[in-house]
Structures are given as structure tokens and as C-alpha cells.
Amino acid sequence: MARRRIGFWYRVVVVVVKPLLLVFTKRDWRGMEHIPVEGGFVTAVNHISYVDPLTYAHFQYESGREAHFLAKSSLFKIPVVGRIIKGAGQIPVYRDSADAALAFRAAVEAVERGDCVAVYPEGTITRDKALWPMQGKTGAARIALTTGAPVIPVAQWGAQDLLAPYAKRPRLLPRKTMKVLAGPAVDLDEFRGRELTADVLRGATDRIMDAVTELLAKLREEPVPPRESRRKAKNTPGPQADPAATGPAEGDKPVTGPAAESPAETLAEAPAEPPAERPAERPTERTAEGGAA
């Protein structure tokens, strides 16, 4: 597939990161034929490790359509790092502020320019004990229904073996296999052309998350868990790697506590909904960090 011209900073990241991934990982990639050759689109991806934005981006880059992630706005203020991610065309997310709608508008503009906008609808590494996707936030659906662009579901598996969820010590050897499977565009026709109410956005989001989960079940060669069992995970405390752990990498295990943040994770956040359109949160359903609830 002919590659579109990419910017200088995106190319710098590729030159630095790609050789490391080639050395330390093996690849089982399927479904690249479902990645659109041209035009803007959204990818919805499950999140299992701090490192999986890199392993997924490797797959997406080799498809000929590089991914543009949503990044926490504070990262753009960090010397060098901010210049790199801005130059690479990443999209700032303004969390917990009146500027939250800017992320949505910037994502829409990117899709309308013909870019691939990558969204992790869960907004954080999954808190499901078996690492199945949780209930998604509505950012990916909102972008797709606003622009009319397709949503390509993508499942990945194996990054959690390279770096366990919320852990800090990678396990580089033996080389781990990074499995990525892209599926056909999610059928959202029944939701298109309708007012973007909470019910419409939730219905479209559930359809997207079901597609991602079905792909993950194929990668894992396991049955698809019921949707309701997956939704329960969103209300459980997020695990966090123990910062005091000094043992070998094989001993890294998540412990109960607030979810940690890292640059890798924030590069995968879904956009917040415009404040004026966000429905009131129910006390028992607190939103996870990242995208719209």
C-alpha cells in the first residue's frame, strides 16, 4: 500500500521506536485489508498495557495509514516531548475544563482532513480482571456520527506480556508476540443522521465495543463474555503497579489502588464530550479517565 507523506517528527518517532519493536517483539498481524486506503476514519482499540499504544501504532503505520492519538494537553507543555507530539500531529485533550470540547472539534477536523484518529474508548487500561474490554466512552461514536466516517474496530493481545497492566518493568525476553486484528467497519447505519442523544451515542458505543470484544475473542481463542459482565469492571478500583517494588520483572503484579497515568496511556484517551451536551453522571457510574462517558 502506498504510504502518504508523513511529517518530520512522526518520522523521527518511527526511526527511534520501530527498530526496538522489531528487535524485542514478534508480530501476528491480521486484518490490514480493512484499513481504508484513503479518507478519514476512526479506529477503536482495546487497552491492556502502557506499551500497547506503541505496538498498535506499529501495526497501524505498516498498514500505510499512521494513527493520530489523543494526548493529554499537559504533555504538549513539556519541553522536547511537547514539540515532538505536536509535530507528529497528535491531538490535545483538555480534561476537566471548559476546553474539553476542543478535543472533540480537533478530532473531527483531523478526520475531515483525511487522517486516522485512534481512540481507546475505555479511556484507561482495562480494569477487568481477565483483561476484556470494559464499557466504552462515547467519544469514538460521537466523532464517527458527526463526520460520517467509518469506525474500524481493532483488538490487540500480547502487549500485557511485554509490560503487565500498570507495571513499570518490561519483560523483554523471551520475545513476546504482539497480536493485532482489525475488523470490517462497524455497522452504525441505524444511528447515522439522528440527533446525538445519550441513547444514540450509547447504542453506537456498545456496537463498537462489541465488535472490538469479538475480535479480541478470536485472538485469544476464547468465547465472548457477556456484555453485562464486562460493564461491571468499570466500577472496580483500578490496579496500579507498586512503586516500591524492587523484585524481578517476573514478579510485577498489579495491586489495588487508583489507576496510574503515563504518557503512553494518555496518548490513547478518548475525547471528552462538549460540556453542554454531557448527561449527568449517576453516582454509581463514575467515568474513567479519558473519553466521554
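Not measured: the values here are computed from a predicted model.
Screening residues 12-23 for salt bridge (Lys or Arg N to Asp or Glu O under 4.0 Å), with sequence neighbours left out, gives Lys18-Glu62. A salt bridge (Lys or Arg N to Asp or Glu O under 4.0 Å) check over residues 186-197, counting only residues at least two apart or in different chains, returns the pairs Glu190-Arg207.
The hydrophobic cluster containing Val17 also contains Met178, counting ILVMFWY residues as joined when their side-chain heavy atoms lie under 4.5 angstrom apart, directly or transitively. Under the 4.5 Å side-chain heavy-atom criterion for grouping Ile, Leu, Val, Met, Phe, Trp and Tyr, Phe104 is connected to Leu188 within one hydrophobic cluster. In this structure, Val186 is not a member of the same hydrophobic cluster as Val224, with clusters built from ILVMFWY side-chain heavy atoms closer than 4.5 Å. A single hydrophobic cluster is not seen to contain both Leu172 and Leu22; linkage of ILVMFWY side chains at heavy-atom distances under 4.5 Å, directly or through other members, places them apart. Residues Val119 and Met209 are members of separate hydrophobic clusters, defined by side-chain heavy-atom contacts under 4.5 angstrom among Ile, Leu, Val, Met, Phe, Trp and Tyr.
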Residue pair Tyr10, Gln90: steps toward the side chain to side chain contact (heavy atoms under 4.5 Å, CB included) verdict: CA-CA 9 Å; Tyr10 207 114; Gln90 309 313 304; 3.8 Å; yes
Evaluation steps, side chain to side chain contact (heavy atoms under 4.5 Å, CB included), between Phe59 and Gln156: CA-CA 10 Å; Phe59 166 87; Gln156 54 181 336; over 6 Å; no
Given side chain to side chain contact (heavy atoms under 4.5 Å, CB included), test Arg202 with Thr138 step by step and report yes or no. CA-CA 7 Å; Arg202 175 50 50 200; Thr138 60; 3.8 Å; yes
Test log, rule side chain to side chain contact (heavy atoms under 4.5 Å, CB included), inputs Leu201 and Phe191: CA-CA 8 Å; Leu201 291 170; Phe191 304 105; over 6 Å; no
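The line from OH of Tyr56 to OH of Tyr61 is 14.5 Å long, rounded to the nearest 0.5 Å. Here the straight-line distance linking atom CD of Glu66 with atom SG of Cys116 works out to 8.0 Å at 0.5 Å rounding. Annotation: the span from Ile208 atom CD1 to Lys137 atom NZ amounts to 14.5 Å, rounded to 0.5 Å. We find the OG-NE2 distance between Ser63 and His58 to be 11.0 Å, quoted to the nearest 0.5 Å. Rounding to the nearest 0.5 angstrom, the gap separating the CD atom in Gln160 from the NE2 atom in His47 is 12.5 Å. Here the CZ-NE2 distance, from Arg65 to His68, works out to 8.5 Å after rounding to the nearest 0.5 Å.
Ring-plane geometry between Tyr50 and Tyr166 is classed as perpendicular, the angle between the planes exceeding 60 degrees on a 0 to 90 degree scale with a lower cut at 30.
Through side-chain heavy atoms spaced under 4.5 Å, either directly or across other Ile, Leu, Val, Met, Phe, Trp or Tyr residues, Leu216 is tied to Ile48, Leu131, Trp132, Trp157, Leu181, Leu215, Leu219. Val15 belongs to no hydrophobic cluster, as no Ile, Leu, Val, Met, Phe, Trp or Tyr side chain comes under 4.5 Å of its own.
Remark: Lys26 pairs with no residue by the side chain to side chain donor-acceptor pair (under 3.5 Å) rule, at least two apart or across chains. Taking Asp210 as the reference, Arg227, Arg230 meet the side chain to side chain donor-acceptor pair (under 3.5 Å) condition, with sequence neighbours excluded. Annotation: salt bridge (charged side-chain N to carboxylate O under 4.0 Å, His left out) contacts of Glu222 (sequence neighbours excluded): Arg220. The salt bridge (charged side-chain N to carboxylate O under 4.0 Å, His left out) check on Arg175 picks up nothing, with sequence neighbours excluded. The side chain to side chain donor-acceptor pair (under 3.5 Å) test applied to Thr205 returns no partner, not counting sequence neighbours. With sequence neighbours excluded, no residue forms a ring pair (Phe, Tyr, Trp, His ring centres under 6.0 Å) with His34. Shown here are the side chain to side chain donor-acceptor pair (under 3.5 Å) partners of Asp199, two or more places apart in sequence or in another chain: there are none. Under the rule for a salt bridge (charged side-chain N to carboxylate O under 4.0 Å, His left out), the partners of Glu228 that lie at least two apart in sequence or sit in another chain are Arg231.
Using a 4.5 Å cut-off on side-chain heavy atoms (C-beta onward), Asp115 and Phe41 make no contact. When side chains are defined from C-beta on, Met134 counts as touching Thr124, because their heavy atoms get closer than 4.5 Å. Between Thr213 and Pro225, some side-chain heavy-atom pair lies under the 4.5 Å cut-off. A 4.5 Å side-chain heavy-atom check between Ile91 and Val117 finds at least one atom pair inside the cut-off. With contacts defined as side-chain heavy-atom distances shorter than 4.5 Å, the pair Val111/Val42 qualifies. Residues Thr126 and Pro165 fail the side-chain proximity criterion, which asks for heavy atoms closer than 4.5 Å. Contact annotation: the side chain of Val151 never approaches that of Thr43 to less than 4.5 Å [non-hydrogen atoms, C-beta and beyond]. Taking the side chain as every heavy atom from C-beta outward, Thr25 and Leu162 approach each other to under 4.5 Å.
Listed here is the closest heavy atom pair of Ala149 and Gly40: CB-O, 3.6 Å. Between Val212 and Ala44, the shortest heavy-atom distance links the atoms CG2-O, 3.5 Å. Ala185 and Pro153 get closest at one heavy-atom pair: CA-CD, 4.4 Å. The shortest heavy-atom contact between Leu163 and Pro170 is CD1-N, 3.6 Å. Between Thr55 and Ala159, the shortest heavy-atom distance links the atoms OG1-CB, 4.0 Å.
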